[in-house]
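Indexing begins at 1, ligand by ligand and atom by atom, following the structure's order.
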Amino acid sequence: MDQKHENTHTPRVFSGIQPTGNLTLGNYLGAVKRFVEMQNSGIETIYCMVDLHAITVWQEPQSLKAATRELAAGFIASGLDPKKSILFNQSQVPAHAELGWIFNCVTRMGWLNRMTQFKDKAGKNRENASVGLFAYPTLMAADILIYHATHVPVGEDQKQHLELTRDIATKFNNDFKTNFFPITEPVIEGVATRVMSLRDGNKKMSKSDASDMSRINLTDSADLIAKKIKKAKTDADPLPSSLEGLENRPEAKNLINIFAGLAGISSEKVLEENAGKEFSKFKPILAELAVSKLMPISKEMAHLMKDTVYIDQVLGNGANKAAQIANPILEKTYDIMGLIRST
Ligand code: TYM
């Protein structure tokens with residue numbers, strides 16, 4: 001058994017995305033682009049298509065398969081390299097679900113009752129939500145802790161789930177008088193941790209928004225990207241010269257942050273370069289930037305999607321590598337808890 005990582009908590013990055021279709025600009029700037037940066041910084045990185053999370057709400061089987069492959073293609077096309085990062089789909093590594101069950105027994109109902117994402121997703125029809133949707137955050141904690149991951153890059157909307165992950169690790173460690181699980185650091189950084197809807201600057205850009213015009217998808221054509229930016233809601237004022245001038249202007253702030261995220265510069269710098277411009281002038285520059293950054297990705301995605309054999313191979317190889325890290329940690333967890341394993 002490889003026990004190299006036990007208790008030492010070597011830096012290791014883990015993050016996941018649900019394969020539920022429509023990888024958005026929010027997912028890209030808030031997560032995938034940062035996954036690539038972390039991969040290229042040389043730290044060990046593990047990125048997962050969380051299909052077991054996707055099925056907490058109904059998924060059409062054929063669509064789920066296609067969406068999982070499309071997400072894998074999106075990862076690779078954005079710069080994640082299967083030779084540098086472990087890329088796989090969650091259901092191929094059963095240790096996630098096994099540790100998820102254990103965490104269901106560690107986590108208190110009261111903790112889950114406070115999760116705002118469950119309240120949002122279940123809506124008024126709480127009685128009819130799946131048990132899986134309620135327990136979603138315990139599986140997410142398992143995703144992270146089954147690798148003893150120390151750092152988790154995510155967008156702002158995942159903050160509460162990551163706090164819960166820390167609570168679960170702390171309770172397990174206290175209950176069993178150990179320091180087995182690391183207390184994971186959320187990495188919510190950069191200018192685009194919360195990309196907003198193009199139709200409403202107070203609402204998060206989301207793949208589930210009823211209006212496709214509210215978001216940019218990584219599979220959108222150049223014309224469609226330009227059209228969505230042209231039609232994006234704004235106010236009537238020209239761009240200010242500093243961040244204070246963006247207060248109470250959520251749509252303007254969002255477009256500036258999107259520009260900064262795509263260009264890899266600060267929002268201040270974007271304002272410095274564009275102060276005084278009307279949106280009619282700024283939007284075409286933003287559209288050109290978005291197209292130049294996103295088109296190579298969508299072209300590569302389309303190319304990769306033609307080779308599902310390759311994609312499935314990447315996912316299978318990634319799952320094997322992931323299991324090699326996860327299985328010894330699962331075995332040790334069972335052992336700590338007094339569950340007999342005959343090997
Ligand atoms: P998911 O699939 O909803 O989103 C994937 C990632 O994209 C980020 N994101 C955004 N960032 C900025 N602006 C936006 N508008 C925006 N929309 C989405 C999310 O914050 C996330 O980082 N529960 C997770 C998946 C998950 C996970 C994990 C993440 C399962 N297990 C373990 C980290 C570690 C989710 O539903 O993400």
Side-chain angles (χ1 to χ4, degrees), residues 12-35 38 45-57 59 64 67-68 70-71 74-75 78 88-91 93 96-97 99-100 103 115-118 120-121 132-133 135-166 168-169 184-209 214-218 250 253-254 257-258 260-262 322 326:
R12 180 182 277 155
V13 171
F14 178 92
S15 199
I17 296 191
Q18 295 194 64
T20 42
N22 280 337
L23 201 54
T24 69
L25 183 64
N27 298 132
Y28 177 67
L29 293 178
V32 185
K33 187 165 184 271
R34 295 169 54 233
F35 296 177
M38 288 187 128
T45 43
I46 306 174
Y47 298 123
C48 184
M49 284 126 257
V50 290
D51 46 11
L52 295 176
H53 276 112
I55 59 166
T56 56
V57 297
Q59 302 296 330
L64 179 60
T68 306
E70 189 173 278
L71 181 55
F75 274 12
S78 301
F88 71 106
N89 59 311
Q90 189 184 27
S91 60
V93 181
H96 288 240
L99 188 63
F103 286 168
M115 293 293 110
T116 55
Q117 204 151 76
F118 175 73
D120 290 348
K121 284 197 180 168
L133 189 66
Y136 182 112
T138 61
L139 180 60
M140 181 160 160
D143 295 339
I144 296 165
L145 295 173
I146 197 68
Y147 300 101
H148 278 184
T150 54
H151 294 83
V152 183
V154 283
E156 178 70 41
D157 60 348
Q158 297 301 313
K159 194 165 183 243
Q160 196 186 31
H161 286 158
L162 291 186
E163 279 160 8
L164 186 88
T165 301
R166 292 163 66 93
I168 292 174
T184 305
E185 287 299 328
V187 188
I188 304 173
E189 284 169 3
V191 282
T193 54
R194 192 170 173 81
V195 177
M196 307 309 277
S197 155
L198 298 178
R199 311 299 297 166
D200 177 351
N202 293 307
K203 233 168 98 184
K204 190 183 72 169
M205 181 181 285
S206 161
K207 50 185 140 188
S208 55
D209 195 300
S214 70
R215 61 180 163 260
I216 291 173
N217 306 304
L218 287 199
K253 187 173 173 195
N254 189 38
N257 286 347
I258 289 176
L262 285 168

Of all protein heavy atoms, the one nearest atom 29 (C) of ligand 1 is G16 O, 3.4 Å
Under 4.0 Å from one or more heavy atoms of V152, ligand 1 contributes atoms 33 (C), 34 (C)
>> Please report whether ligand 1 has a polar contact with K121, defined as an N or O pair separated by less than 3.5 Å (distance criterion only).
In response: no
Candidates T56, D157, V154, L29; heavy atom nearest atom 20 (O) of ligand 1 found on D157
Quick look: D143 vs ligand 1, heavy-atom contacts under 4.0 Å, and the answer is side chain
Of Q18, M205, H96, the residue with the heavy atom nearest atom 1 (P) of ligand 1 is Q18
Quick note on ligand 1: atoms under 4.0 Å from a heavy atom of I17 include exactly 2 (O), 5 (C)
Note: T193, heavy atoms under 4.0 Å from ligand 1, region reported as backbone
- Examine M196 against ligand 1 and note whether any of their N/O atoms are separated by less than 3.5 Å. no
Any heavy atom of V195 under 4.0 Å from ligand 1? The part involved is both
Nearest heavy-atom contact between I17 and K207 is CG2-NZ, 4.1 Å
Taking the side chain as everything from C-beta on, heavy atoms only, tell me whether L23 gets closer than 4.5 Å to N217.
no
N/O of Q117 under 3.5 Å from N/O of ligand 1, yes or no?
no
- Message: Working note: D209 + K203, criterion salt bridge (charged side-chain N to carboxylate O under 4.0 Å, His left out); need CA distance, chi angles, decisive distance, verdict.
- Response: CA-CA 10 Å; D209 195 300; K203 233 168 98 184; 3.3 Å; yes
- Run the side chain to side chain donor-acceptor pair (under 3.5 Å) check on D200 and S197 step by step: do they pass? CA-CA 5 Å; D200 177 351; S197 155; over 6 Å; no
Next on the checklist: Please check whether G26 reaches ligand 1 - meaning an N/O of the residue sits under 3.5 Å from an N/O of the ligand, judged on distance alone.
Outcome noted: yes
G21 and A67 have their tightest heavy-atom pair at N-CB, 3.7 Å
Atom 23 (N) of ligand 1 sits nearest the protein heavy atom Y136 OH, 2.6 Å
the protein heavy atom lying closest to atom 28 (C) of ligand 1 turns out to be M140 CG, 3.4 Å
shortest atom 6 (C) of ligand 1-to-protein heavy-atom contact is with A31 CB, 3.7 Å
Atom 37 (O) of ligand 1: closest protein heavy atom, distance to 0.1 Å, is Q158 NE2, 3.8 Å
Donor-acceptor side-chain pairing of D51 and S91 below 3.5 angstrom = yes
In terms of heavy-atom contacts, D143 and Q90 come closest through OD1-NE2, 2.9 Å
Here the atoms of ligand 1 under 4.0 Å from any heavy atom belonging to I144 are 32 (C), 34 (C)
One finds that the ligand 1 atoms under 4.0 Å from a non-hydrogen atom of A192 are 12 (C)
Open item on the list: Please determine whether a side-chain nitrogen of the Lys or Arg among E156 and K204 lies less than 4.0 Å from a carboxylate oxygen of the Asp or Glu.
Closed with: no
- prompt: G155 to ligand 1: N or O pair under 3.5 Å?
  reply: yes
| request: Might you work through the ring-ring contact (aromatic ring centres under 6.0 Å, His included) test for Y136 and H161, ending with a clear yes or no? | output: CA-CA 9 Å; Y136 182 112; H161 286 158; 5.6 Å; yes
Under 4.0 Å from one or more heavy atoms of G30, ligand 1 contributes atoms 11 (N), 12 (C)
Value for CE (M49) from CZ (F75), rounded to nearest 0.5 Å, stands at 4.5 Å
Might you work through the side chain to side chain donor-acceptor pair (under 3.5 Å) test for Q59 and T20, ending with a clear yes or no? CA-CA 8 Å; Q59 302 296 330; T20 42; 5.7 Å; no
P137 and L133 have their tightest heavy-atom pair at CD-O, 4.4 Å
ask   = Does atom NZ of K121 have more than 12 heavy-atom neighbours from other groups under 6.0 Å away?
value = yes
shortest atom 9 (N) of ligand 1-to-protein heavy-atom contact is with N27 ND2, 3.7 Å
>> Before we go on, tell me: are the rings of Y147 and H96 under 6.0 Å apart, centre to centre?
In response: yes
Q) Are any of the N/O atoms in K204 less than 3.5 Å from those in ligand 1? A) no
for atom 32 (C) of ligand 1, nearest protein heavy atom and its distance come out as F14 CE2, 3.5 Å
So the atoms of ligand 1 within less than 4.0 Å of a heavy atom of H53 turn out to be 30 (C), 31 (N)
Going by the 4.0 angstrom heavy-atom rule, the piece of C48 near ligand 1 is neither
| task | Return yes or no for this condition: an N or O of T24 is under 3.5 Å from an N or O of ligand 1. | result | no
Looking at V187, is its backbone amide N or carbonyl O close enough to the side chain of R34 to form a donor-acceptor pair, meaning the two atoms are under 3.5 Å apart? yes
